[in-house]
Each structure stands twice: as C-alpha cells, then as structure tokens.
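Since the structure comes first, as structure tokens, the remarks are kept for the end.
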Amino acid sequence: MPAPLILLPQAEGVEDVGLVTLRPAESAAEAQGDVLGHLYRTHRLSLVRLAVLLVGDHATAEDVVQDAFAAVCRRWRALDDGTSKVPYLRRAVVNRARSVLRRRRVADAFRPEQQHHAPSAEDAVLLADEHREMLAALRLLAPRQREILVLRYWAGLSEAEIAETMGISKGAVKSMAHRSLAALRKRLGD
C-alpha cells in the first residue's frame, strides 16, 4: 500500500498560485498527525461552542475539548476511519462536560456562599439581552435536559446521533427532549 500523502505548508516568500504540495508521509505518526490536524481544524470550534453551552464558560470549554482530542490521540488505532472519530469526539466532549459539572457541584457544596461560580463581566456584556435570558434559563435546567437541547437545537444532531452521543435510546431522546422543551418554556414564561 502506498504511503498516505500529506499537505505541506506554503513556503515563505513563494507566491500563492492555488497549488498545494503533496508528498508521501515518512511515517505512520506523520500521517496520523496530518489527519488529526485536519480533524482539529475542522471540528474544534464547533466542539468548543458545544462545550461552552454545556459548562458555561469558555476557558473550561477549551480544556474539555483539548481533553477530548487527547483521548482521540490515545485511542487512534482503536478508532476506525475518520467517520467514527467525530462522534467519538462529540461524545468525549459531552462526557467530560458532565465530569466538569459534577466536580463543580462537589466543589460548590464545600465553598463559602460568596465564592460560587459566576459569569465574568465580559461574558455578560457580549451577549444580547435575548441570548442572556435564554442562556440563564438553559443553565437552570437539569444537566441532561440541557445536554439534549444543546445537542438537538444548537449542534443540529439527529435523534439517533444524540442517542449515540449520550448513550441512551432514541425513544428516551424524544421523551427527554419534549420534557426539556416544556421545562425551558416554563422557565422563560412562554
């Protein structure tokens, strides 16, 4: 089998004429790095946005996504072709977000009242009023309810993809989504 081809970066001082340079990968690690780099460049931002909606702050969301990519590196050979890596990443982000929230709940239980986690001033200024109201209502939902709504309406996943990501049945996704929307409507007063 011929060695996989990797994309070389444009050399400095060379005019961009729309051509790319390809050469055979010198090792399996180099080929893996290029595929992983492509996976990172194409899916990182959407995964960070997903994590922000689940954990509530950008810095923690970045950590969650980095941990998910590190898990992909550790399990690289166990994962099939590129089609199974994206669902694995998504599931890893959701699971790590759950862990962060679990640790946060435990830490908050032992922290004096005035030190509880609060959004930064920059976060509040950057959000429009209607987004603030929606995010505040979303944060008040139970973690599983929030996950279902974020995966369905923000990430645009199908019921089957949500079921795979959360490790539950399609029927459970449907009923939980219905109950989650009802709870969100109640919080928003609609």
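Proximity of R179 to I148: side-chain heavy atoms (C-beta onward) are nowhere separated by under 4.5 Å. Proximity of P143 to R105: side-chain heavy atoms (C-beta onward) are separated by under 4.5 Å at one or more points.
Cluster membership check: L36 does not share its hydrophobic cluster with L45, using side-chain heavy-atom separations under 4.5 Å among Ile, Leu, Val, Met, Phe, Trp and Tyr. Transitive grouping of hydrophobic side chains (ILVMFWY, heavy atoms separated by less than 4.5 Å) brings L53 and L188 into a common cluster.
Nearest approach of E164 to P87, heavy atoms of both residues: OE2-CB, 3.5 Å.
Residue pairs meeting the salt bridge (Lys or Arg N to Asp or Glu O under 4.0 Å) criterion with at least one member in residues 92-101, sequence neighbours excluded, are R98-E147.
With R104 contributing its side chain and V55 its backbone, the two residues share a donor-acceptor pair below 3.5 Å. Distance alone, capped at 3.5 Å, places no donor-acceptor pair between the T60 side chain and the D57 backbone.
Residues S99 and R102 have side chains that bring a donor and an acceptor to within less than 3.5 angstrom of each other.
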Checklist entry - V100 and D63: side-chain contact (heavy atoms from CB on, under 4.5 Å), yes or no, with the steps? => result CA-CA 10 Å; V100 164; D63 291 342; over 6 Å; no
Item to check | Check against side-chain contact (heavy atoms from CB on, under 4.5 Å), Q66 and Y40 | outcome: CA-CA 10 Å; Q66 286 299 98; Y40 184 81; 3.4 Å; yes
Next on the checklist: One pair to check against side-chain contact (heavy atoms from CB on, under 4.5 Å): V86 and H43. What are the steps and the verdict?
Outcome noted: CA-CA 8 Å; V86 175; H43 296 285; 3.5 Å; yes
Next on the checklist: Test side-chain contact (heavy atoms from CB on, under 4.5 Å) on E62 and R44; report intermediate values, then the result.
Outcome noted: CA-CA 9 Å; E62 289 275 349; R44 181 188 152 278; 3.0 Å; yes
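The distance from the CD atom of E133 to the CG atom of L135 is 10.5 Å, given to the nearest 0.5 Å. Separation of atoms CG (L138) and CZ (R146) is listed at 6.5 Å; rounding is to 0.5 Å. With rounding to the nearest 0.5 Å, the separation of CG in L54 from CG in L101 is 7.5 Å.
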Show me the side-chain donor-acceptor pairs of residues 150-159 shorter than 3.5 Å, one per line, residues at least two apart or across chains.
| unit_1 | atom_1 | unit_2 | atom_2 | d |
| --- | --- | --- | --- | --- |
| R152 | NH1 | L157 | O | 2.9 |
| S158 | OG | E161 | N | 3.2 |
| S158 | OG | E161 | OE1 | 3.4 |

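Screening V48, V64, T165 against V93 for a side-chain contact (heavy atoms from CB on, under 4.5 Å) leaves a single residue, V64.
Not counting sequence neighbours, S180 has no partner by the side chain to side chain donor-acceptor pair (under 3.5 Å) test.
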